[in-house]
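See below for the structure under consideration.
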Amino acid sequence: MENTVALIIVAVYLLWNLAVMVIYGVDKKKAEKDKWRIKEKTLILLAFCFGGIGALTGMYIFRHKTTKPKFTVLVPVAIVVNFLVAWGLYSLLVQPVIIQLV
């Protein structure tokens with residue numbers, strides 16, 4: 001049962017990051033065609049909502065936002081934050097911390 005839940009979580013994570021990567025690609029295509037764009041705040045927010053790997057992948061596959069300091073700094077920060085939050089949740093939910101009262 002635990003393995004099934006873990007596989008589902010990993011599958012959702014991978015699909016979400018694939019979706020974020022595609023969103024970066026869509027924004028790049030819109031930029032090339034001078035059409036309505038996705039807000040930069042939204043793109044950064046997607047990275048911080050567990051889409052950091054997809055955002056970074058999309059940036060470099062589509063060569064989009066790679067020269068903007070906001071993205072070159074915040075997207076890697078998002079990846080670190082994503083990892084720390086996931087690790088913290090794992091520690092709390094799967095490996096409960098036993099607090100000893102002195």
Side-chain angles (χ1 to χ4, degrees):
M1 180 68 170
E2 287 179 20
N3 287 339
T4 304
V5 172
L7 285 174
I8 291 170
I9 290 170
V10 169
V12 168
Y13 177 78
L14 291 174
L15 287 172
W16 172 245
N17 276 277
L18 179 64
V20 171
M21 182 187 74
V22 168
I23 290 168
Y24 271 69
V26 166
D27 190 55
K28 173 67 175 193
K29 290 295 174 200
K30 288 183 175 197
E32 291 172 346
K33 295 181 181 190
D34 202 28
K35 293 193 174 192
W36 176 83
R37 305 278 304 280
I38 299 167
K39 292 180 181 181
E40 287 187 348
K41 277 194 254 184
T42 302
L43 294 173
I44 295 292
L45 181 63
L46 291 172
F48 275 93
C49 293
F50 287 99
I53 298 293
L56 190 66
T57 304
M59 283 173 60
Y60 286 97
I61 285 178
F62 302 112
R63 294 187 179 101
H64 189 47
K65 305 287 188 187
T66 55
T67 60
K68 291 204 167 215
K70 182 189 302 186
F71 284 84
T72 59
V73 171
L74 288 178
V75 170
V77 168
I79 293 169
V80 172
V81 170
N82 292 174
F83 172 77
L84 292 174
V85 169
W87 181 61
L89 288 172
Y90 174 80
S91 296
L92 287 173
L93 301 175
V94 179
Q95 301 290 330
V97 177
I98 299 172
I99 301 173
Q100 294 179 348
L101 298 174
V102 178

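Keep in mind that the numbers below use all heavy atoms, side chains included, and drop hydrogens, waters and symmetry copies.
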* **Check against side chain to side chain contact (heavy atoms under 4.5 Å, CB included), Phe62 and Lys29** => CA-CA 9 Å; Phe62 302 112; Lys29 290 295 174 200; 5.8 Å; no
* To do: Evaluate the side chain to side chain contact (heavy atoms under 4.5 Å, CB included) criterion for residues Ile44 and Phe71: first the C-alpha distance (whole Å), next the side-chain angles of each, then the deciding distance (0.1 Å), finally the verdict.
  => CA-CA 7 Å; Ile44 295 292; Phe71 284 84; 3.6 Å; yes
* Yes or no on side chain to side chain contact (heavy atoms under 4.5 Å, CB included) for Leu18 and Leu14, after CA distance, side-chain angles and deciding distance? -> CA-CA 6 Å; Leu18 179 64; Leu14 291 174; over 6 Å; no
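With hydrophobic clusters built from ILVMFWY side chains whose heavy atoms lie under 4.5 angstrom apart, Met59 shares a cluster with Val77. The cluster map of Ile, Leu, Val, Met, Phe, Trp and Tyr, joined by side-chain heavy atoms under 4.5 Å apart, puts Trp16 and Ile53 in the same cluster. Residues Val81 and Leu45 are members of separate hydrophobic clusters, defined by side-chain heavy-atom contacts under 4.5 angstrom among Ile, Leu, Val, Met, Phe, Trp and Tyr.
Annotation for Thr72 and Lys65: closest pair CG2-O, 4.3 Å, computed over non-hydrogen atoms. Residues Leu56 and Ile79 come closest through the heavy atom pair CD2-CD1, 3.7 Å. Ala47 approaches Val75 most closely through the heavy-atom pair CB-CG2, 4.3 Å.
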Would you list the atom pairs, donor with acceptor, under 3.5 Å between side chains in residues 6-13 and any protein atom, with sequence neighbours excluded?
none

Scan the side chains in residues 82-89 for donor-acceptor partners under 3.5 Å anywhere in the protein, sequence neighbours excluded, and list what turns up.
{"residue": "Asn82", "atom": "OD1", "partner": "Gly52", "partner atom": "N", "Å": "3.2"}
{"residue": "Asn82", "atom": "ND2", "partner": "Phe48", "partner atom": "O", "Å": "3.2"}
{"residue": "Asn82", "atom": "ND2", "partner": "Ala78", "partner atom": "O", "Å": "3.0"}

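Summarising the geometry, atom CE belonging to Met21 is positioned 13.5 Å from atom NE2 belonging to His64; distances are rounded to the nearest 0.5 Å. Here the OG1 atom belonging to Thr42 is positioned 9.5 Å from the CD1 atom belonging to Ile23, to the nearest 0.5 angstrom.
Judged purely by atom type and a 3.5 angstrom limit, Tyr24 uses its side chain to pair as donor or acceptor with the backbone of Leu43.
With Asp27 as the partner, the salt bridge (charged side-chain N to carboxylate O under 4.0 Å, His left out) test is satisfied by one option alone out of Arg63, Lys33, Arg37, Lys39: Arg37.
More than 12 heavy atoms of other residues, nucleotides or ligands sit less than 6.0 Å from atom NZ of Lys30.
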